[in-house]
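Written out below as structure tokens is the structure these notes cover.
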Amino acid sequence: MASSKGGAIPLERMSVEQLKALKEQSDLEVNLLQDSLSNIRTATTRLEIASAALHDLSLRPHGNKMLVPLTASLYVPATLHDAHHVLVDVGTGYFIEKTMPEGKDYCERKINLLKSNFDQLVEVASKKKTVADETGVVLQAKLKQLASSS
């Protein structure tokens with residue numbers, strides 16, 4: 001088995017208590033990374049929906065009546081007066097007025113950033129999962145060895 005990090009104690013030399021602690025820590029880190037991956041996936045999906053909505057909005061004629069979502073379940077009737085300018089939510093309650101192409105570009109840049117972060121996190125999560133699995137195998141072997149020697 002390999003060690004968990006370069007220059008660290010090899011897994012085979014660790015005590016059962018150290019292996020249990022390492023396994024618990026690795027599992028916790030993997031779970032946190034999986035939660036982060038889920039959050040990034042959700043944010044990416046929302047931005048893709050927003051980008052599609054901007055495209056749809058740009059195709060609607062001036063004066064078109066529509067329903068505007070205020071919440072997930074509350075829509076209000078509205079009339080489109082300007083399809084060339086949009087308000088972009090940049091976080092923490094701040095909105096910036098942008099032209100339609102600038103709004104679409106903002107969404108695409110954020111989507112690309114999130115996808116890049118997602119790919120990096122997948123790589124890190126995979127490495128952490130490997131460490132957790134290796135630690136579990138060594139821990140099980142040590143526990144079997146202790147049980148057979150008793």
Side-chain angles (χ1 to χ4, degrees), residues 1-14 16-141:
M1 290 288 133
S3 63
S4 60
K5 292 183 181 170
I9 302 171
L11 293 176
E12 294 82 8
R13 292 181 143 185
M14 290 183 169
V16 172
E17 293 79 22
Q18 289 173 319
L19 286 170
K20 284 182 181 178
L22 180 60
K23 174 83 169 118
E24 189 175 307
Q25 180 67 32
S26 296
D27 287 341
L28 179 65
E29 289 174 358
V30 167
N31 288 338
L32 289 173
L33 287 169
Q34 288 174 340
D35 288 346
S36 295
L37 288 170
S38 177
N39 291 340
I40 289 175
R41 240 183 269 124
T42 301
T44 302
T45 301
R46 286 183 179 177
L47 278 167
E48 287 170 343
I49 291 169
S51 183
L54 284 175
H55 177 72
D56 182 49
L57 190 61
S58 68
L59 300 177
R60 293 182 182 254
H62 177 76
N64 193 19
K65 294 192 183 291
M66 65 177 73
L67 291 175
V68 177
L70 293 182
T71 67
S73 60
L74 177 64
Y75 290 77
V76 295
T79 304
L80 180 63
H81 290 290
D82 182 9
H84 303 292
H85 293 88
V86 293
L87 289 177
V88 177
D89 183 355
V90 293
T92 62
Y94 288 96
F95 293 85
I96 297 175
E97 184 175 342
K98 293 188 174 279
T99 64
M100 185 62 71
E102 290 172 341
K104 290 177 184 177
D105 180 59
Y106 176 83
C107 286
E108 289 306 313
R109 284 186 289 120
K110 292 294 274 188
I111 289 169
N112 291 336
L113 176 66
L114 287 172
K115 286 181 178 180
S116 171
N117 289 347
F118 183 85
D119 293 341
Q120 291 172 359
L121 273 180
V122 165
E123 203 172 296
V124 171
S126 175
K127 289 177 183 175
K128 292 286 183 183
K129 179 78 171 127
T130 301
V131 169
D133 292 345
E134 288 176 358
T135 305
V137 168
V138 173
L139 179 61
Q140 288 299 319

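Since the structure is predicted, the reported quantities are computational estimates derived from the model, not experimental observations.
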CD of E48: more than 12 outside heavy atoms within 6.0 angstrom?
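Correct, the count exceeds 12.
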
If you count every heavy atom of other residues, nucleotides or ligands that lies below 6.0 Å from K110 atom NZ, does the total exceed 12?
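At most 12 heavy atoms, drawn from other residues, nucleotides or ligands, come within 6.0 Å of this atom.
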
State plainly whether the residues K127 and E29 are in salt-bridge range, i.e. N to O under 4.0 Å.
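No, K127 and E29 are not salt-bridged.
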
Before accepting this row, confirm whether a basic side-chain N of the pair D119/K115 lies closer than 4.0 Å to the acidic partner's carboxylate O.
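A salt bridge is absent here (no side-chain N lies under 4.0 Å from a carboxylate O).
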
Could you check whether any side-chain N or O of [X] sits under 3.5 Å from a backbone N or O of [Y], counting only pairs where one atom can act as donor and the other as acceptor?
X    : Y    : answer
T45  : R41  : yes
T42  : S38  : yes
T135 : V131 : yes

Point-to-point distance, once rounded to the nearest 0.5 Å, from [atom1] of [X] to [atom2] of [Y]:
X    : Y    : atom1 : atom2 : result
N117 : N112 : CG    : CG    : 11.0 Å
K128 : L28  : NZ    : CG    : 10.5 Å
L19  : E17  : CG    : CD    : 9.0 Å
L32  : D27  : CG    : CG    : 11.0 Å
T44  : L114 : OG1   : CG    : 4.0 Å
S51  : D105 : OG    : CG    : 10.0 Å

Going by salt bridge (charged side-chain N to carboxylate O under 4.0 Å, His left out), name the residues that satisfy it together with K98, two or more places apart in sequence or in a different chain.
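If we apply the salt bridge (charged side-chain N to carboxylate O under 4.0 Å, His left out) test to K98, skipping adjacent residues, there are no hits.
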
Can R109 and L113 be said to form a side chain to side chain contact (heavy atoms under 4.5 Å, CB included), step by step?
CA-CA 6 Å; R109 284 186 289 120; L113 176 66; over 6 Å; no

Smallest separation among heavy atoms of V86 and G103, with atom names
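For V86 and G103, the tightest heavy-atom pair comes out as CG2-CA, 4.4 Å.
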
S36 to L121 - nearest heavy-atom pair and separation
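Looks like CB-CD1, 3.8 Å.
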
Within residues 78-90 or reaching into it, pairs that qualify as side-chain hydrogen bond (donor to acceptor under 3.5 Å, both in side chains) - sequence neighbours excluded
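Every side-chain hydrogen bond (donor to acceptor under 3.5 Å, both in side chains) pair that includes a residue of residues 78-90, provided the two are not neighbours, is D82-H85.
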
Answer yes or no: is there a side-chain heavy-atom contact under 4.5 Å between [X] and [Y]?
X    : Y    : value
E134 : V138 : no
L67  : P77  : yes
R46  : I49  : no
L57  : M100 : yes

